[in-house]
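Report on one structure; see the data block that follows.
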Amino acid sequence: MTIRPFCLTICAAALALGGCTTTNNYNYPDKARAAPAASETQAAGKAKNVILFIGDGMGVSTVTAARIYAGQKQGQSGEEYVLPFETFDNVALVKTYNTDAQVADSAGTASAMHTGVKTRIGVLGYGPGVTKGDCASGSGHELGLLGEEVKQRGLALGIVSTARLTHATPASVYASSVSRDWEGDTAIPEDQRGRGCSDIAQQLVGAPFDVALGGGSVAFYGKQNGGLRLEDGADLPGEWQAATGGHFVTTAADLAAAPADAPLLGLFSPSHMTYMVDRDAQSSEPTLTDMTAAAVTRLAGDPDGFYLMVESGRIDHGHHAGQAGYALEEAVEFARAIQWAIDNTDPAETLIMVTADHSHVFTIAGYPRRGNDILGLVVPPAGGGERGGDPMLAADGKPYTTLGYANGPGAVKHDAPGGGRPTPETGVMAHQQALVPLGSETHAGEDVALYANGPGAGNVRGVMEQNLIYDVIRTAFGWDAE
């Protein structure tokens, strides 16, 4: 089977009209893979380093809203603002579906990026033939992980996330699991224990990473140390230190002071790290920019180069809660981390890519005037039919916000006592109104954007299958040419 990761020369004319079709390869993980076509606008080159930034849930509407929000935080109207990665020369649209799901989850999507094979929803590092939650079904469906190959080839490996390090996206770099939920051993159902499947935390401390920074300490400890592992005295970080001679840190101060002479593991919170909105000046947690800077600085010491995955995990969580302000504050910090990487790496030797694993049912609507508060009520342009500066009113006589969700915890109850839809909340901590009532807002199925700059970035173009991001990385490193 011939794989066509990108449109070849004969498709060039068609790109202007609608892009060219790619052939899927997720049903044939053992077949040979063709290298991406070289760009005509940017020399293919060879990357010494690759940094993949993943904004979890950062769909195109989130990028747009974050752009406006970031600009408004700096006193601009917002629409004209440019996020750091929006200056990159190469952009593509990425199809995010899983093999069994029209709308994807982070396990299947992140696995596609780190194995080169699309797989099932909720599965990490196994092909689509596996049964989710069935340990034995994984036999024969194991996939090679990018993180493993990076170390086998002598490069340094880094993983950074504001989510738990055992969460789906960071775990996709180093772990294989028939269920993304098996973050610690207590999460594995009793009937699946003892069948040869290791929990994700155990896999992390057994992986040969150079830097791993994020949240989620409860999966690494037993009760005696405030954790949830089956063994009361379990101390996986202590075991990791003894085995590797590495440094273990739990605060921003410890991170800043950690020597660079050994691997580094940082667990800065029991679960996910604190939202930017909820942080205070005395927070002991590093920011995503702090962690990115620490990782790049340490990894850059390897003469053979490095691969680093940086996830802004809590963009996704803000959206699930139906709180756009929380998601946008995380996106602004994500952009700050990207800017640090741009400023502190050599574009001639470092490929930087920015993407999302999936989108959310998040909308920007209502004809607001230029510079309207992105977290506020819709106020129309002058001459729009309303009194100057007054919010627009919906058919129920009440105002509405620019941002909203198709579903989620903010669903309005039109038959509620007292008059139906309430006046919507505004501001950074607001719960935006939604249509369909759900306890958690859901992912969305539209394509996400992929932005790239540096050696190999020319292979980011057109409309791509998500698993081909893996090919872009390997080709940038020059591995497909061997």
Side-chain angles (χ1 to χ4, degrees), residues 5 33 35-36 38-39 42-54 84-85 88-90 110 113-116 144-161 169-170 172-174 204 207-214 244 246-247 258-266 289 291-311 337-355 450-460 468-482:
R33 306 171 63 82
S39 171
Q42 180 173 347
K46 181 179 178 182
K48 178 182 180 183
N49 316 305
V50 174
I51 306 175
L52 177 62
F53 284 95
I54 301 176
F85 52 89
F88 288 2
D89 292 334
N90 292 82
M113 289 185 265
H114 285 115
T115 68
L145 305 177
L146 182 65
E148 293 174 338
E149 186 171 9
V150 164
K151 294 305 299 179
Q152 289 166 0
R153 290 178 177 269
L155 281 68
L157 175 64
I159 307 153
V160 168
S161 179
T169 301
S172 70
V173 179
Y174 63 85
L204 176 60
F209 63 83
D210 295 275
V211 179
L213 306 173
T244 65
H247 304 292
D261 60 351
L264 178 66
L265 171 62
T289 302
M291 294 190 292
T292 300
V296 170
T297 301
R298 298 175 72 91
L299 297 173
D302 191 310
D304 295 317
F306 65 82
Y307 173 71
L308 171 63
M309 192 288 299
V310 177
E311 182 204 22
I338 295 166
Q339 185 66 65
W340 192 97
I342 293 170
D343 293 341
N344 291 276
T345 58
D346 183 350
E349 65 180 21
T350 302
L351 170 63
I352 298 179
M353 293 192 291
V354 180
T355 191
L450 170 63
Y451 310 81
N453 203 51
N459 291 321
V460 172
L468 299 178
I469 293 173
Y470 171 88
D471 288 353
V472 174
I473 296 170
R474 296 189 77 257
T475 299
F477 276 133
W479 297 344
D480 278 344
E482 297 176 359

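Keep in mind the model is a prediction, meaning the values are calculated, not measured.
Annotation for Thr289 and Ala337: closest pair OG1-N, 3.2 Å, computed over non-hydrogen atoms. When all heavy atoms of Glu311 and Pro170 are compared, the closest pair comes out as OE1-CD, 3.3 Å. Between Pro347 and Pro455, the shortest heavy-atom contact is O-CD, 3.3 Å. In terms of heavy atoms, Ser161 sits closest to Met291 at O-CE, 3.6 Å. A pairwise comparison of heavy atoms in Gly456 and Leu351 identifies C-CD1, 4.3 Å as the closest pair. Smallest separation of non-hydrogen atoms from Ala212 and Leu204: CB-CD1, 4.4 Å.
Contact of the Leu450 side chain with the Val472 side chain is not registered, since no non-hydrogen atoms from C-beta on lie closer than 4.5 Å. In this structure the side chain of Phe477 reaches within 4.5 angstrom of the side chain of Leu155, judged on heavy atoms. Side-chain contact between Arg153 and Tyr307 is absent, with no heavy atoms from C-beta onward closer than 4.5 Å. Taking the side chain as every heavy atom from C-beta outward, His114 and Ile473 never approach each other to under 4.5 Å. At least one side-chain heavy atom of Thr345 sits under 4.5 Å from a side-chain heavy atom of Ile352.
Without hydrogens or angle criteria, Ser172 side chain to Thr169 main chain gives a donor-acceptor distance under 3.5 Å. Side chain of Asp210 to backbone of Gly158: no donor-acceptor contact under 3.5 angstrom is found.
Taking CG of Leu146 as the reference point, atom CD1 of Ile469 lies at 11.5 Å (rounded to 0.5 Å). Distance check, rounded to the nearest 0.5 Å: OG1 of Thr115 to CD of Glu148 gives 10.5 Å. Separating the CG atom in Asp471 from the CG atom in Asp480 is a distance of 6.0 Å, to the nearest 0.5 Å. To the nearest 0.5 Å, atom CD1 of residue Ile51 and atom CD1 of residue Ile338 are 10.0 Å apart. Within the model, atoms CE of Met113 and CG of Leu52 stand 6.0 Å from one another, a figure rounded to the nearest 0.5 Å. A distance of 11.5 Å separates OG1 in Thr350 from CD1 in Ile342, rounded to the nearest 0.5 Å.
Ring centroid separation for the pair Tyr451 and Phe88 does not come in under the 6.0 Å cut-off.
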side-chain contact (heavy atoms from CB on, under 4.5 Å) evaluation trace for Asp261 with His247:
CA-CA 9 Å; Asp261 60 351; His247 304 292; 2.7 Å; yes
Apply side-chain contact (heavy atoms from CB on, under 4.5 Å) to residues Tyr174 and Leu157 and explain how you reach the verdict.
CA-CA 10 Å; Tyr174 63 85; Leu157 175 64; 5.6 Å; no
For Leu299 and Asn49: C-alpha separation, side-chain torsions, deciding distance, then whether side-chain contact (heavy atoms from CB on, under 4.5 Å) applies.
CA-CA 9 Å; Leu299 297 173; Asn49 316 305; over 6 Å; no
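When the ring-ring contact (aromatic ring centres under 6.0 Å, His included) test is applied to Phe209, the partners found at least two apart in sequence or on another chain are Trp240. Residues satisfying the ring-ring contact (aromatic ring centres under 6.0 Å, His included) criterion with Phe306, sequence neighbours excluded, are absent altogether.
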